[in-house]
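Below is one structure, written out as structure tokens, with a few remarks after it.
Just so you know, ligand 1 is whichever comes first in the structure, and atom 1 is the first atom listed for that ligand. Along the sequence shown, residues carry numbers from 1.
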Amino acid sequence: VSSWDRLEPRELARVQDQAVRAQVRDVVAPFSPFWRNRFAALRIDPAGVDGTAALARLPAVGERDVCPDGDPFGMAALVIQAGEAQFALHASGPTLRRAMRARLTDRDEYRRIVETDTRATAYVFTGLGLRYPVASTRSDLDLVARAGARLCQLLGLDLRDVLVSTQQPASATSFVALQLAATAAGIPAFFPGGDLEDVADTLRLVPATVLAVPASSAAAVIDQLGGMAANLAAVRTVLLVGVPDEEERLAAAAALADAGGPADPVVLSVYAPAGARLLWAECRPAAVAGQRSGWHTYPDLEVVQTVHPETGQPTADGEPLEPVVTQLGFHGTALLRWRTGDLTAGPVTAGPCPHCGRNVPRVPHPLQPGALVTRLGARPLDLRPVAGAISARPDVADWRLVVRRRSRDGRPQLLVDYEPGANGSDPAQVAIALASDIRAAIGLLPTQLILRPDGELARLPPVGSALTGRMLVE
Ligand SMILES: [Zn+2]
């Protein structure tokens, strides 16, 4: 689609609805073991998922839903399994006809056609509470590259640009997708590795106009490069890989000026949530009247919706919200209604971007990446299944969960304050049921369940920082 970013709203909706139907009915429902079972268990007919509105009614899933025991092996159930017996219904018209012909006459040719779309050959590693591989087929990598070319357009890069990255090489979307993006856009790109001596040497060889730096350490890295007399004079774009806060952006720009670069570089962020294979980007210009553009998504390659982070229920009201991603046209690890674990300040923004005019949905600022998976001491703690288990209980009227360190000895604690339902629930029974549900959800009992009857809960002083109204982390 040449006009991927300029479709009229009605046309965009039509394109998305069609892609959702194809992805759900022809790819995910028949060939993803996880979703095949889930559709059956929920008694949902995949044929009824006929567009984005119906998609939003499918329960969203996260890491713990796919791997209830915390074993990343479970993620394999998300990978599209298409063998000889399962014909790839999702193929496009011409490919489908070619495959159908080959199926009758040339079995090897048939397999080759099918496997380009269905055989996973490339992997990136990701995850918040667990670390797992995300599988891509050859055709998936083509989509990542195609989105990458658009990413470069969004960033305002052109053929005069030269990109140098200070990233540590990794099988991660932030690294792989950026490489594919530069390749697809025809932009010379250098990834000398995380050793800054090597980066400085590279910057002596090539006049970088784009410097890609991990968002969290950008200013320090640029400072160090400056100390090594690296040539940063031509850098007009600082690409922060990850989600920077305002301070980090300003510090990166200031560091560049101090290091001999221009005083007013454009500072943009590219970001991929856990599980995703596409990098989202802010558009150039970075800000209009102090407003950030948000991360632009690819509406023909994904649908980004939101759920309430405490319940997992679909909603675009209130804040913060958790973005949920459905990939379109992807095979390999095909994510459907995937909970990112991030928190955004509000719903995905629709309509033309006031900065660049592209009609693509945008994930708004500020964004807290991975905020819903925290740590309890040494182990990761996914707060979503805990909150989901509590809010699913009809005998709990209200609740709050707090992750903190006990002041006495610094031991990590998961505390649950709860108010039993008004319908005569026995608080002790409620506590037992709650504890058991939480253990079933995360394999761990809460440190303490605290009964807070008669509106006491509402009067508790706030502690630490509130991720959401009911989830607090000290
Ligand atoms: Zn824009």
ask   = Are there any protein N/O/S atoms under 2.8 Å from the Zn ion (ligand 1), and if so, which?
value = Cys283 SG, His296 NE2, Cys353 SG, Cys356 SG
remark   = salt bridge (charged side-chain N to carboxylate O under 4.0 Å, His left out) filter on Arg160, not counting sequence neighbours, yields Asp158
Side chains of residues 208-216: which donor-acceptor partners sit under 3.5 Å, not counting sequence neighbours?
unit_1, atom_1, unit_2, atom_2, d
Thr209, OG1, Asp161, OD1, 2.5
Thr209, OG1, Val162, N, 2.9
Thr209, OG1, Val162, O, 3.3

task = State whether a side-chain donor-acceptor pair under 3.5 Å links Ser391 with Arg470.
result = no
Check residues 170-195 and write down every donor-acceptor pair under 3.5 Å in which the side-chain atom is one partner and the other belongs to a residue at least two apart or another chain.
unit_1, atom_1, unit_2, atom_2, d
Thr173, OG1, Ala276, O, 2.7
Thr183, OG1, Gln179, O, 2.9
Asp195, OD1, Glu197, N, 2.9

query = For Met471, does its backbone N or O pair with a side-chain atom of Thr468 as donor and acceptor, under 3.5 Å?
reply = yes
Any side-chain donor near an acceptor of the partner, Thr137 and Asp140, under 3.5 Å = yes
